[in-house]
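Have a look at the structure below, then the notes.
Any value given below was found using the heavy atoms of this structure, including those in side chains, with hydrogens, waters and symmetry copies removed. A note on names: the letters A, B, ... follow the listed sequences, proteins ahead of strands, and every chain is numbered from 1.
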Amino acid sequence: MLGGWEGFMIKSSVEALMGPRSLGRSMDPATTHAIPMRRLQRLKYHHPSTPPITKPPSRSSSSSSSPPDRRVVIDFLQRKRKSPNNEQQEKGKAQSPDEWNDEELRSLLSSASFTQTHLLQVIRALNDTQTALRFIDWASCHHSPPLHGPSAFQTLFDAASRRLPNPHLRLQELLHQSRLRGLPLTADSASLLIHSFSAVGWVSQSLQILHDLKPHLRKTPLYNHLLHLLFKSDRPSDALSLAHHMLDSGRRPNQVTGAILFSALLKRSNHGVDEDSIARLVLELGRHGVFPDTVQLTQWITRLCQNCGTVKAWDLLHALKDLGAELQVPSFNALLASLGRERDFHRMNLLLAEMKEMGVEPSVITYGILINQLWRQEEGLGLMGRMLMQYNCSPNTVTYNCLIDGFCKAGEIDNARELFDGMTEQGVPPNVITMNTIVDGMCKNGRISSALQFFKELRGKGLEGNAVTYCSLIGASLHVNNVTKAMELFEEMVNGGISPDSVTYFTLISGLSQAGRLEEASSVASSMEEAGFHLDVASYNVLISGFCRKKKFEEASKMLKRMEEAGVKPDEVTYNTLIAALCKGGDILTANEVMSKMIEEGCVPSVVTYGALIHGHCKVGNLDEALKLFRSKAASGIRPNTVIYNILIDYLCKGNELDTALSLMDEMRAQGVFPTATTYNSLFKGLRDRNLLDKAYELMDQMNEQGCNPDYITVEILTEWLSAVGETTRKDG
DNA sequence: TTAGGGTTAG
């Protein structure tokens, strides 16, 4: 059993002892000490294992149904209470129960018509706890058959629970009296006490009642009440332990148990409750035929997938299926979506087959998930066709959006556009997401004017753009350095009443910085702050890097200060940017100081940091130092990447160390790092300077074999060089 | 179940 009921109970009892201070105070000191312990032990209480002779009276039992004897006894006892003897007690002197050892009363009680029921009615009617307690003790000794103590106390508990204010304090005191007499609680008493204690938040005391109760009296509703209380008191782990204890001790859960556990466990994101324990509980409840409903199960599967991957969710769903739970499409959809995200097509197919076997019909959402996960769009189209034909299940806007997005991501803009026209023909209305998907697809494929045209077209048909639409268009314009267009779009957006969000701001700041338009970038940053957004570390980094590229180090440093003042801590990227800027200026000393600061601040220098430093050494002509750093970092396990190899190869070529450069390229390949056009360009330049044509041909072949495309620089170097030596074409083309 | 941005070294 997980969590440990024992430990839990020990903790609870400790809390009960240490609990609210008011507990320590007795309700009425005279009552508590009225009967010495020795006397209590002599009292002949009816043995609890025998069932009560009669059921305790309900509150509704009217006096008209009572025999006259009852009235006589009450009158007698009340008379006694007003007698001079009682005055002694009021002065603090304990009154002995023997004072009731009175012939008159004894004969009243031994009348044949005076039953246990009447005794309990008397207790209730006494309307004074102190007198009632003394009467109970007295009657337990003198009445025959003996008074059933637990029932008598139940009557007292019942009466006390109705007396305001603070019934819980009275009950606590009565419980103390009951415990002093060694009486076990009846199931009804326990229920009443738990309800009263839990109403005032006495969690441990409530749990203690359950603990004290004989196991066969710990009924499911009591557990349910306590489970609810524990969740309400933000103790989900204890609730889980209690639930496990309930099940381990053979108590059957009911639908209420399920409702409490399922909804509470789903509400909490994960407060110290581990998923395995919950999953075991869900299965255990399932064994008793208590299952979560479809909504709960679906939420639960989604959460399991997010937190633990699909395997546990898969197992849970199948275990519930084996237990006979009625599973519905949404639960399957949740699992299918996660399997799709993990690209586990095998299990997706298995699950679909199972759905078919179980007669669970796929929904539009199922198809949306399937289409969204398909790489090849023909399959998506085929599936959509089958949806229409086989299942009479029409694709909706989302289905089309997923397909259109697939075409766009595959660069098939024309197909995307065709599908868009197709959906309109089919009467499926495109929404703003459809529009944005196509607009962005066009932008990403370099077709900005088509995107603008398409946007205009749809606006004419009443489909309005939003921040996402403008963000795609602005980002694409900046990407091709069309700052004017980007700013124009931004203005149009704001004038059109569309508020830019943080993504739009970042796109602008980043694009403007990269375009070297730092003044505009800074002013957008200010607008962003005025609009109530905070610049994040990435925004500051692009600004700092922009200033550094422009060699505006003072501005960069001002931005760094602004960043720190805003409480945004420089990160690894910030430090790398600064180190690179210093290295570019040849100031390796300061660059190393910044790196020390970086380490002090808890950032770990990476391959990017060392790349910048290696570049710095090269820049100041210290190739040896550069190679030394390169070797030491490679030895310490930092894998050099393309950029680092390219820097070194470039400077080796420039420094007339062509052989070292060529062997470094071999090493690069051996390390599984592929040379790029930049690598080849450096080498071609080096070879050209020494007119090593054959080696150049060799490299051209390698480049070709490797599938590395020459860029415009490659073309420029080679055409100039080869035409100069009179060979513009090669024999094998 | 669907749409936009994530910075640093060549």
*Of the nucleotides dG6(B), dT8(B), dG10(B), which has the atom closest to the Val573(A) side chain?*
dT8(B)

*Quickly work out the Lys619(A) NZ to dA9(B) C1' distance and round it to whole Å.*
12 Å

*Donor-acceptor pair under 3.5 Å, Thr504(A) side chain vs dG4(B) base*: yes

*Answer yes or no for Arg549(A) and Phe547(A): cation-pi contact, defined as NZ/CZ to six-membered ring centre under 6.0 Å and angle to ring axis within 45°.*
no

*Candidate nucleotides dG4(B), dT1(B), dT8(B), ranked by approach to the side chain of Thr577(A) - the nearest*: dT8(B)

*Which is true for Asp501(A) with a 4.0 Å heavy-atom rule: it touches a base, it touches only sugar-phosphate, or it touches nothing?*
base

*So what does Ser539(A) touch, heavy atoms closer than 4.0 Å: a base, only the sugar-phosphate, or nothing?*
nothing

_What's Lys444(A) touching, base or sugar-phosphate or nothing? Going by heavy atoms closer than 4.0 Å._
sugar-phosphate

*Could you tell me whether the side chain of Asp536(A) has a donor or acceptor atom within less than 3.5 Å of a complementary atom in the base of dG6(B)?*
no

*Taking only the side-chain nitrogens and oxygens of Gln514(A), find out if one of them lies under 4.0 Å from OP1 or OP2 of dT8(B).*
yes

*Are Asp571(A) and Thr574(A) linked by a side-chain donor-acceptor pair shorter than 3.5 Å?*
yes

_Taking Lys633(A)'s backbone N and O only, do any of them form a donor-acceptor pair with Ser636(A)'s side chain (distance below 3.5 Å, no angle check)?_
yes

*OP1, OP2 of dA9(B) versus side-chain N and O of His615(A): anything below 4.0 Å?*
no

*Could you state the CE-C1' distance from Met435(A) to dA3(B), rounded to the nearest angstrom?*
10 Å

*Describe the nucleic acid contact of Asp650(A) in one word from base, sugar-phosphate, nothing, applying a heavy-atom distance below 4.0 Å.*
nothing

*asked:* Looking only at the side chain of Val468(A) (C-beta and beyond, no hydrogens), which of the listed nucleotides dT7(B), dG10(B), dG4(B) gets closest?
replied: dG4(B)

*Report which part of the nucleic acid Val439(A) touches: base, sugar-phosphate, or nothing (heavy-atom distance under 4.0 Å, all strands).*
nothing

*With sugar-phosphate meaning primed atoms plus P, OP1 and OP2, does Ser472(A) contact a base, only sugar-phosphate, or nothing at under 4.0 Å between heavy atoms?*
sugar-phosphate

*So how far is it from Asn681(A) CG to Leu718(A) CG, rounded to the nearest 0.5 Å?*
8.0 Å

*Inter- and intrachain pairs under side-chain hydrogen bond (donor to acceptor under 3.5 Å, both in side chains), touching residues 474-485 of chain A, at least two apart*: Lys485(A)-Glu488(A)

*For Ile365(A), report the nucleic acid contact type (base, sugar-phosphate, nothing); a contact means any heavy atom under 4.0 Å.*
base

_Proximity to the side chain of Thr676(A) - top-ranked nucleotide from dG4(B), dG10(B), dT7(B)_ = dG10(B)

